[in-house]
Amino acid sequence: METAMATVNQAPFCKESRSHFKSPALAQRCGVFVTRASVAVEEKIRTKAAVIRIGTRGSPLALAQAYETREKLIKSHPELAEEGAIQILVIKTTGDKILSQPLADIGGKGLFTKEIDEALLDSEIDIAVHSMKDVPTYLPEKTILPCNLPREDVRDAFICLTAASLAELPAGSIVGTASLRRKSQLLNRYPSLKVQENFRGNVQTRLKKLNEGVVQATLLALAGLKRLNMTENVTSVLSIEDMLPAVAQGAIGIACRSDDEKMATYLASLNHEDTRLAISCERAFLEKLEGSCRTPIAGYASRDEDGNCIFKALVASPDGTRVLETARQGPYSFDDMIKMGVDAGEELLSRAGPGFFDHSLTT
């Protein structure tokens, strides 16, 4: 029996730096960002049939998330610690196969989930581990997504060798990002900067491009860098006010077949309810807007100091010339939070007016 194994190991980046957040000056002395975060190795293990087969993409980050899922399953169910009881299967998705085109040009929805969902429905795997921001607002028939792991830091990280922040980048500097959400908010606040679109690839690939001078800076999800133990690459962290995150950023979702009670029971033991409710609120907002990779949309639900939900949301034109924002506050409960997400979506649709999203879709 074969199982895909992965380690997420990282050699020390620079003797001068042991802290998580390194200054640009120190980065210059060290001369290069860490780009090597994981090695995938295939081993053949002869054992009885796996109890749980986990389906995942093959990127270092996706594998880190699959292994986090495996560790949590073993911690909650010690019988799964037996060798071969949990198998991790790598599935290549459309989004992984086509790197030469912007995501918006090759489908928009389900680019990183379609083939994994098909494997789940064909019973080739038992559960599917997804980055929630890649999951369309609809789920394939006969599948459910009953589990969200505890959410990581939702903020975006600024990475640069020559400046400490976006504000310090000289006019005309090129920032690489494949995200229209990041592009629109960036250009809205810093119109003198330029954006290289289709800055795609895994974290290691993007850092390599940055090292080679293809761009002067880039923005990455802090959650992914934390899961890869690569936070020493971070120059600074953008506040929620400066860069509202993508819907469901930092969250891992785990799906199974709707008729598989055994897997549903396993996943119920891992679910983090606060995260599930926040993601439900954000996805209700996204669904109302029928958002895609061609529409800059951001949304973030969190608890305030009184335990209530605060939901912040925005839509924008891709060039950043028009950004519409709104917020809601209410009880931290499923029905109330779904209502907040839907209501915020309805408001922004109304304020945007006819043609706003059509324009976004064709820009």
Side-chain angles (χ1 to χ4, degrees), residues 95 102-104 106-114 117 128 130-140 143-149 151-152 154-156 177-185 221 223 240 243-255 274-302 309-318 322-330 332-353 356-361 363:
L103 293 174
I106 56 175
K109 290 182 181 290
L111 292 171
F112 297 108
T113 60
K114 181 177 179 288
D117 290 333
H130 298 300
S131 291
M132 278 303 301
K133 70 177 181 179
D134 294 335
V135 178
T137 52
Y138 58 86
L139 297 176
T143 70
I144 56 173
L145 208 160
C147 174
N148 289 122
L149 300 185
R151 196 174 199 175
E152 249 296 358
V154 303
R155 294 174 295 171
D156 283 316
T177 178
S179 164
L180 282 182
R181 170 191 64 86
R182 291 184 178 120
K183 174 188 172 184
S184 61
Q185 294 185 74
I240 298 296
M243 183 68 68
L244 197 63
V247 164
Q249 183 155 307
I252 296 171
I254 311 176
D274 262 23
T275 297
R276 190 185 75 86
L277 294 181
I279 299 308
S280 297
C281 175
E282 295 167 21
R283 282 167 61 81
F285 166 71
L286 184 64
E287 183 176 21
K288 190 65 186 179
L289 293 174
E290 297 183 351
S292 73
C293 290
R294 289 182 179 270
T295 310
I297 295 172
Y300 177 47
S302 61
C309 174
I310 292 182
F311 177 57
K312 299 180 179 181
L314 69 77
V315 296
S317 59
R322 193 176 178 199
V323 175
L324 306 176
E325 300 177 83
T326 190
R328 296 289 184 279
Q329 185 172 6
Y332 208 99
S333 65
F334 182 80
D335 289 342
D336 290 292
M337 291 169 72
I338 292 292
K339 185 177 184 301
M340 278 188 271
V342 171
D343 190 56
E346 289 175 343
E347 179 198 329
L348 292 184
L349 277 173
S350 175
R351 286 171 56 192
F356 180 86
F357 289 97
D358 291 338
H359 175 74
S360 295
L361 287 167
T363 300

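Remember, predicted model here, so these are calculated numbers, not experimental data.
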inquiry  = If I take atom OG from residue S179 and atom CE from residue M243, how far apart are they, to the nearest 0.5 angstrom?
reply    = 8.0 Å

query = Considering only heavy atoms from C-beta outward, does the side chain of T295 approach that of L180 to under 4.5 Å?
reply = no

query = Can you name the nearest heavy-atom pair linking P140 to D117, along with the distance?
reply = CG-OD2, 3.5 Å

Side chain proximity check, V323 to S184, heavy atoms < 4.5 angstrom = no

inquiry  = In the structure I gave you, are the side-chain heavy atoms of I254 and L149 within less than 4.5 Å of one another anywhere?
reply    = yes

inquiry  = Show the nearest heavy-atom pair for residues C309 and A301, with the distance to one decimal.
reply    = SG-CB, 4.0 Å

ask   = If we only count heavy atoms from C-beta on, is the L145 to V135 side-chain gap below 4.5 Å?
value = yes

key: Distance in Å, N148 CG paired with L277 CG, rounded so as to fall on 0.5 Å steps   = 9.5 Å

query = Do the non-hydrogen side-chain atoms of L348 and K288 ever get within less than 4.5 Å of each other?
reply = no

key: Spacing of Y332 atom OH and M340 atom CE [to the nearest 0.5 Å]   = 9.0 Å

ask   = Can you check side-chain contact (heavy atoms from CB on, under 4.5 Å) on E346 and V342, steps first, answer last?
value = CA-CA 6 Å; E346 289 175 343; V342 171; 3.8 Å; yes

ask   = By side-chain hydrogen bond (donor to acceptor under 3.5 Å, both in side chains), which residues pair with R151, not counting sequence neighbours?
value = E282

ask   = Could you give the distance from CG (L314) to OH (Y300), rounded to the nearest 0.5 Å?
value = 14.5 Å

message = Check E325 with K312, please: is the shortest side-chain N to carboxylate O separation under 4.0 Å?
response = no

key: Non-hydrogen atoms of V154 and P245 that approach each other most closely   = O-CB, 3.4 Å

message = Distance check, rounded to the nearest 0.5 Å: R328 atom CZ versus D343 atom CG?
response = 4.0 Å

Reported CG-to-CZ distance for the pair L286 and R283, which is rounded to 0.5 angstrom = 7.5 Å

query = Are any of the side-chain heavy atoms of R181 and I297 separated by less than 4.5 Å?
reply = no

remark   = For A223, the side-chain contact (heavy atoms from CB on, under 4.5 Å) test, sequence neighbours excluded, returns E152, R227

key: Close side-chain approach of V315 and R351, heavy atoms under 4.5 Å   = no

remark   = Closest non-hydrogen atoms of D156 and A221, given as atom of the first, atom of the second and distance, are OD1-CA, 3.8 Å

ask   = For the residue pair F285 and A298, what are the closest heavy atoms and their distance?
value = CE2-O, 3.5 Å

remark   = Those residues at least two apart in sequence (or on a different chain) that pass side-chain contact (heavy atoms from CB on, under 4.5 Å) with S280 are R276, F334, I338

